[in-house]
There are 2 protein chains.
Amino acid sequence: MKFGLRHIRHFAAVAEDLHYRKAAERMNIAQPVLTRSVQHLEKELGVVLFDRTNRSVSLTSAGKVFLQGCQVTLATMEGLVSQTLKTHSGEAGHLRIGYTDFAISGELPKILKSFRQLYPDISVEPLHGVTSSQLDLIKKDKLDFGFVTGPISHEDLETKTVQEDNYVAILYDNHPLAKRSSVLLSELANEDFVLGSPSAWQHFHDHLHRICRAAGFVPKMVQHAFNSEGIFGLVACEMGISIHTSCAENYLRKGLIFKKIRDVSDTIKTISIWRNDPAFPARKAFADFLKQYPVGATQQ
Amino acid sequence: MKFGLRHIRHFAAVAEDLHYRKAAERMNIAQPVLTRSVQHLEKELGVVLFDRTNRSVSLTSAGKVFLQGCQVTLATMEGLVSQTLKTHSGEAGHLRIGYTDFAISGELPKILKSFRQLYPDISVEPLHGVTSSQLDLIKKDKLDFGFVTGPISHEDLETKTVQEDNYVAILYDNHPLAKRSSVLLSELANEDFVLGSPSAWQHFHDHLHRICRAAGFVPKMVQHAFNSEGIFGLVACEMGISIHTSCAENYLRKGLIFKKIRDVSDTIKTISIWRNDPAFPARKAFADFLKQYPVGATQQ
DNA sequence: TGTAATTGATACGGAATTGATATCATGAAA
DNA sequence: TTTCATGATATCAATTCCGTATCAATTACA
């Protein structure tokens, strides 16, 4: 099996035209070259590929099989080259993208949709994870981008804020404050709270305790859940109320009401974070895309 | 895109070992050859495939994509060569095989099963057709082998008898003769007959009329069907009786009874027939197989 | 710190491959 | 018969390819 793509190209040309001279002309080479290439193939394979009876050329059974394979191989090679070039330029590739509840219910879907329109040959693999686990994965190079709850600053890693949400109170619809158009944080001081589990929701807890402390109370947590869905479910059961971000409006669970909190101007930022490694063109493409992406804000 | 399989093989070897010298040793060539092959590829593609930082070699993103494609291409090529060789030797290929009702309910399944065990890389495509249409297809080279009702003799075409069946009477189970262990053909002289339609079953009709004439009567056909299933269905409805071959025993339809016909020693031969064209190795393999295959006889 | 070992890159000469031109052999067409 | 078309062959020049020897850079180790 000692032949190259050149022999294959020559054979395929002859096999397609069933005419040496025409094929040679089409390939801009001299005819004897094709004769030799085909002879070489036949000798290497130990198989006659053409029947040259009379003055017509026709493929043998084995020749037909070989031709088909050659055409596939040649087409595959072309595709491979183009795919390799695209990968080099960052036009193609694969990205593993982590996301939090906040990110996926906020800007991330829009970001990914918009990015994929720009780079249809880059596949994305979204992976759910809380902030800390995403950061771990990025450090271990198991994740290309994280969409996490800020603030974060980390040497070696680049960041870009992509989403900024206000705090909102989540009430069930027959709660005493449900009729109000907005609430004050201090009005919630004596409420029972349903919140995310402290370990997973560490960042959000930190923020929440800070703003509550500023309002003069410590939230009383009566129940915790592992994700936003769980929190909303428990609030809907009237186990307590919760505080979430304005991106929660995209959930719109029946029986729940979202209230703007008038006296809290702090925001929760969702930031994208990635390792700035120029060796991954697709990463660079997404990083560049993120840098110019405006900060989304779900203001109520 | 001016590179050969050689470059690809070299690149893949280096990429797999991530070590030029080891790869060179494994391929039994000198190390500089690999350096040059990879450089050539990189130059042709305009893409850096390896990061040669420090004294370690690692693939770039584009290199990984290219490697994967190269491995696929190389494996495909190997498979293609082996498939081509097999096609040449007759070990692989495709056969379009026609069959009649008699053949498919008789020896053909056994023949094909046995042949496929010998030649697992030859695919067979069974096509139902009556004798005359199979012969047409073979002449037009649209069919590789026919399994038809004999006798047939045709110049240009080779034949081999593969099956020999006795005539049997097909009765419904409350027919007056149903209790008998065997019948005489002459006893059926006044019966109503359900037979295959004369155009499609021409060969069988010819045989049947000949033996009936010898027994001194002309069968009275009251109904005809287009295939054996249809005939058996009509007999089961007691529209009449029929005469079929002993291979019918494989149908075993409820309510039907098969009776040996004592005074008829003629047989119906099913023969395989094909164009003796040495240009199709798979045909030759099957032809050789058939020639040594014993004649099957479903004697009751 | 200095010496040896390892690794990929480079230079060069001979061998093999490739391609173009001219020509041949054969069968078909005029 | 002559003429034409087609694929095969011979030959020479250009290119490509491989192996040997060697280099430069880095690491390992004493």
Original post:
Taking for each residue the nucleotide of DNA chain C with the nearest heavy atom, is it Arg21(A) or His7(A) whose nucleotide lies nearer the 5' end?
Top reply: His7(A)
Original post:
Atom CG of Leu41(A) and atom P of dA8(D): how far apart are they, to the nearest Å?
Top reply: 13 Å
Subject >> For atom CG of Asn28(A) and atom P of dT18(C), their distance in whole Å >> reply: 18 Å
Original post:
Between Glu44(B) (CD) and dT16(D) (C1'), how many Å, whole number?
Top reply: 13 Å
Original post:
In whole Å, what is the span from the CD atom of Glu25(A) to the P atom of dA20(C)?
Top reply: 13 Å
Original post:
Picking from dG19(D), dT9(D), dG7(D), which would you name as closest to the side chain of Val33(B)?
Top reply: dG19(D)
Original post:
Which nucleotide in the list dA8(D), dT7(C), dA20(C) gets nearest to the side chain of Arg36(A)?
Top reply: dA20(C)
Subject >> Parallel, tilted or perpendicular: rings of Tyr99(A) and His128(A) (30°, 60°) >> reply: perpendicular
Original post:
Which of these nucleotides, dG8(C), dA9(C), dA20(C), is closest to any side-chain atom of His19(B)?
Top reply: dG8(C)
**OP:** Could you check how far CD of Gln39(B) sits from P of dC17(D), rounded to whole Å?
**Re:** 13 Å
**OP:** Considering non-hydrogen atoms only, spot the tightest contact between Leu95(A) and Phe286(A) and give its length.
**Re:** CD1-CB, 3.6 Å
Original post:
With sugar-phosphate meaning primed atoms plus P, OP1 and OP2, does His40(A) contact a base, only sugar-phosphate, or nothing at under 4.0 Å between heavy atoms?
Top reply: nothing
Original post:
What is the distance, rounded to the nearest whole Å, between atom CZ of Phe50(A) and atom P of dG7(D)?
Top reply: 10 Å
Original post:
Any idea which heavy atoms bring Cys70(A) and Phe11(A) closest together, and the distance?
Top reply: SG-CD2, 4.0 Å
Original post:
Toward the 5' end of DNA chain D, which comes first, Val57(A) or Lys2(B), by nearest nucleotide?
Top reply: Val57(A)
Original post:
Side-chain donor or acceptor of Arg6(A) under 3.5 Å from a matching atom on the base of dG19(C)?
Top reply: no
Original post:
The side chain of Gln31(A) lies closest to which of these nucleotides: dA8(D), dC17(D), dT9(D)?
Top reply: dA8(D)
**OP:** Under 4.0 Å between any heavy atoms, over every strand shown, what does Ile29(B) touch: base, sugar-phosphate, or nothing? Just pick one.
**Re:** sugar-phosphate
Original post:
Nearest to the side chain of Thr35(A), which nucleotide is it out of dT9(D), dA20(C), dG19(D)?
Top reply: dT9(D)
Original post:
Are any of the side-chain nitrogens in Glu16(A) or Arg26(A) under 4.0 Å away from the carboxylate oxygens of its partner?
Top reply: yes
**OP:** Could you tell me the separation between the CZ atom of Phe3(A) and the C1' atom of dC17(D), rounded to a whole number of Å?
**Re:** 18 Å
Original post:
Lys22(A) near the nucleic acid: base, sugar-phosphate alone, or nothing, with a heavy-atom cut-off under 4.0 Å?
Top reply: nothing
Subject >> Protein-nucleotide distance (Leu5(B), atom CG; dC17(D), atom P), rounded to Å >> reply: 12 Å
Subject >> Presence of salt bridge, Lys140(A) and Asp136(A), under 4.0 angstrom >> reply: no
